[in-house]
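Structure first, commentary second.
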Amino acid sequence: MKVLIATQKPFAAQAVKGIREILEQAGHETVLFENYEGEAELKAAAAEADAMIIRSDKVTRAVMDAAPSLKLVVRAGAGYDNVDLEAATEKGIVVMNTPGQNSNAVAELAIAMMIYMSRGQFTPATGREIAGRSVGIQAFGNVGRLVGAKAAALGMKVLATDPFLSDEQIRKGGAEPVADVAELYRSCDFVSVHIPATPETIASIGYELISSMPKGAVLVNTARKEVIDEAGLEKALEERPDLKYITDVMPGNYETLRENFGVRVFATPKKMGAQTAEANVNAGLAAARQTVDFFATGCTKFKVNK
Ligand code: 3PG
């Protein structure tokens, strides 16, 4: 089979080598397609692909239309909001992710972001320590649980909420459950966001939640920029000069935010949560193994479309 590794943001070289080895040992042909411009180039590259391994690359209906042999898309990572699942299902294309494989990298970034904002973006201004303060984990999945464990080890009080977990499961994961998202925002010095971007969650964090946070609170978003209602965020920051926001990756209104709020906001220019050699190797090799298993045995573990 022809497997296209399509990564606008390339994997570390070590990961590419490992992916190639796994696929080629199983008799597949690999084509590496990195740093490309956009959909037109991806459509051309995908024309003869039987499978694609991607990251945040957008696999739209148009891309699938241009790839008549496509049977499998493996998202080397957790979030799959970049793949048109409905189109894939209609066309009989299986879409998978590789849950958990890059979680530690994202969790480490979330912790780093809390410290960075507490220390005034590493300016000499007097900062705060994170020990003794509270962090609310919004969605206690693979990344959320790791953020909680690391925060606890640093002396923080960890609270969490997750619509898919019972209080007991949250307690077992080392956090104190709260009744709902509203209580989480009301009670925590930091909120670390780990929800996926879905029709239900897009723009779900806005003025009301953000402005309910305690004095000096910091909102940390290593999930998706789309889950924030950007106008609501701006209004909350305007009204509350003590609040701060840090995000991976840049919101649409970032220029205005920086202009109006200076070091109270920070955004990475390019999503970097999972951009470590370790995460690339873990997620990339898992994607390659899942591809091999799919073609060898029909295994659809980690399938995310219907
Ligand atoms: C994910 O959903 O796995 C992360 O957001 C990482 O995305 P990336 O592979 O584009 O860095």
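None of the values given here were measured: they were computed from a predicted structure. Just follow the structure's listing: the first ligand is 1, and inside any ligand the first atom is 1.
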Can you check which of Gln8, Gln275, Lys270, Lys9 brings a heavy atom nearest to atom 11 (O) of ligand 1?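 Answer by nearest heavy atom: Lys9.
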Atoms of ligand 1, numbered as shown, that sit under 4.0 Å from any heavy atom of [X]:
| X | result |
| --- | --- |
| Gly79 | 1 (C), 2 (O), 3 (O) |
| Asn102 | 1 (C), 3 (O), 6 (C) |
| Arg224 | 1 (C), 2 (O), 5 (O) |
| Arg75 | 1 (C), 2 (O), 3 (O), 4 (C), 6 (C), 7 (O), 8 (P), 9 (O), 10 (O) |
| Ser56 | 7 (O), 8 (P), 10 (O) |
| Gly77 | 3 (O) |
| Ala274 | 6 (C), 11 (O) |

Residues that Pro196 engages under side chain to side chain contact (heavy atoms under 4.5 Å, CB included), provided they are two or more places apart: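 With neighbours one apart ignored, the set is Thr198.
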Test item: side-chain donor near acceptor, [X] and [Y], under 3.5 Å:
| X | Y | answer |
| --- | --- | --- |
| Asn253 | Glu234 | yes |
| Ser166 | Arg171 | no |
| Tyr207 | Glu239 | yes |

Kindly determine whether Phe140 and Thr161 satisfy side chain to side chain contact (heavy atoms under 4.5 Å, CB included), including the steps that lead there. CA-CA 7 Å; Phe140 207 49; Thr161 184; over 6 Å; no
Salt bridge (charged side-chain N to carboxylate O under 4.0 Å, His left out) partners for Asp57, two or more places apart: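 Here no residue qualifies.
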Closest approach of Ala49 and Leu4, non-hydrogen atoms and distance?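 Looks like CB-CB, 4.0 Å.
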Starting from atom 4 (C) of ligand 1, which protein heavy atom do you reach first, and at what distance in Å?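 Here the closest protein heavy atom is Lys271 NZ, 3.6 Å.
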How close does the nearest protein non-hydrogen atom get to atom 3 (O) of ligand 1, and which residue and atom is it?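 Result for atom 3 (O) of ligand 1: Ala78 N, 2.6 Å.
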